[in-house]
2 protein chains.
Amino acid sequence: MISQKSRYALRALIHLARHGDASIATIAEHENIPRKYLEAIMAELKLHGFVTSRRGKSGGYTLARPASAISFADVLRATDGPLALAPCASRTAYRRCEDCVDVETCSIRHALIAARDATAAVLEATFLSDPEADAEVT
Amino acid sequence: MISQKSRYALRALIHLARHGDASIATIAEHENIPRKYLEAIMAELKLHGFVTSRRGKSGGYTLARPASAISFADVLRATDGPLALAPCASRTAYRRCEDCVDVETCSIRHALIAARDATAAVLEATFLSDPEADAEVT
DNA sequence: GCTTATTCCTATAATTCCGATAGGATTTAT
DNA sequence: ATAAATCCTATCGGAATTATAGGAATAAGC
């Protein structure tokens, strides 16, 4: 499962993709996200370079890149960490599992890597611009 | 990410698949799993019908079904819940997301379902008997 | 300039989950 | 009897998750 935060983040970004610039208050209301929590999430998304902001009256948030250039995988990695089911199955952020005796002979890693590749193929091919499209998995 | 518990569970079950009956102490030692924690995990696996146990001296655990009939998906669902990335993307345990306005028009559900199907295809085709094999995804 | 609407910053809090440990009761083979 | 194992109940620290509170800083419009 991804976190509530990740679901909020995706929905907020898609809102921006569909409606253009918007304030936190607007997004929070339309997407049914707690306003104060959304503030924290948008700050994080800004740090990761997904959005830019303008302060003051009539300020708000804007996508920093075209919606067609931001994938679900990008967002989920930023908000929830690796897509993989175990640290040792991540290709973008490999880490040894704490208790692992020997990575090479680990009995479960192979399958977890296959699962991560399958998920990544879908999520890397799904973009904010058209999240309902069937991902073209190649 | 799956939980530590799930990784322990998979490794413990694969140990049984490979070496036949074994006690908690034996599995814990060979698989580098905390003994007391493994006790709790095996109890849970028994409740779910993956293993049977014998008490007393020379007791221990046995797979309740052939290793080739227990998939990674079976085990992970028992120890970690649905494979899906969101409650509303699960096919085996669908739940509405708490904050969801309308399931039908949810902007992220489509992709999450596609991701869940991709993962499930792999994990349902990977078995304790041969976890290193490439899953035959059909 | 004042007001208002906004982002930004820091701090805190409640709850839950995770990973584990402790101690002993019960069962069974030898 | 003894030893080796599962079973049972209880507890626990720490981390993560999901927020909320309160106000400072900024900018637009009148």
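Heavy atoms only: backbone and side chains are in, while hydrogens, waters and symmetry mates are out. In what follows, chains are A, B, ... by sequence order, proteins preceding strands, each numbered from 1.
- For B:Ser23, the side-chain atoms get nearest to D:dA5 when compared with the rest of D:dA19, C:dT21, D:dA5.
- Regarding B:Ile33, its CD1 atom lies at a distance of 13 Å from the P atom of C:dT21, rounded to whole Å.
- Between A:Glu98 atom CD and C:dA20 atom C1' there is a gap of 14 Å when expressed in whole angstrom units.
- Between B:Tyr61 and the phosphate of D:dC7, there is a side-chain N or O to OP1/OP2 separation shorter than 4.0 Å.
- Residue-to-nucleotide proximity on DNA chain C shows that, of A:Ala25 and B:Ser58, the 5′-proximal contact is made by A:Ala25.
- Atom pair B:Ile24:CD1 and D:dA5:C1' shows a separation of 8 Å (rounding to whole Å applied).
- The base of D:dT6 sits within donor-acceptor range of the side chain of B:Arg55, with an N or O pair under 3.5 Å.
- For the residue pair A:Thr79 / A:Ser6, a side-chain donor-acceptor distance below 3.5 Å is found, with atom types taken as modelled.
- Nucleotide D:dT18 holds its P atom 9 Å from the CD1 atom of A:Ile41, rounded to whole Å.
- Taking 4.0 Å as the cut-off between side-chain N and carboxylate O, A:Arg77 and A:Glu124 count as a salt-bridged pair.
- Listed nucleotides: C:dG19, D:dT20, D:dC8. Nearest to the side chain of B:Glu39: D:dC8.
- In this structure, CG of B:Leu38 is placed 13 Å from P of D:dA5, rounded to the nearest angstrom.
- Using cut-offs of 30° and 60° on the angle between ring planes, the pair A:His30 and A:His15 is tilted.
- In this structure, B:Arg35 atom CZ and D:dA5 atom C1' are separated by 9 Å, rounded to whole Å.
- For B:Lys46, counting side-chain heavy atoms from C-beta on, the closest listed nucleotide (D:dA28, C:dC8, D:dC7) is D:dC7.
- In terms of position along DNA chain D, the nucleotide closest to B:Ser53 lies nearer the 5' end than the nucleotide closest to the other residue of the pair A:Tyr8 and B:Ser53.
- Checking D:dT20, D:dC7, C:dA29 against every side-chain atom of B:Lys36, the shortest atom distance belongs to D:dC7.
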Worksheet item: Can you list the steps and then say if A:Arg18 with A:Glu132 is a salt bridge (Lys or Arg N to Asp or Glu O under 4.0 Å)?
Response: CA-CA 13 Å; A:Arg18 289 181 174 167; A:Glu132 323 262 10; 3.6 Å; yes
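- The separation between B:Asp21 atom CG and D:dA5 atom P is 13 Å, rounded to whole Å.
- B:Arg54 and B:Asp21 are not joined by a salt bridge, as no carboxylate oxygen comes within less than 4.0 angstrom of a charged side-chain nitrogen.
- Rounding to whole angstrom units, OH of residue B:Tyr37 and C1' of D:dT9 are separated by 17 Å.
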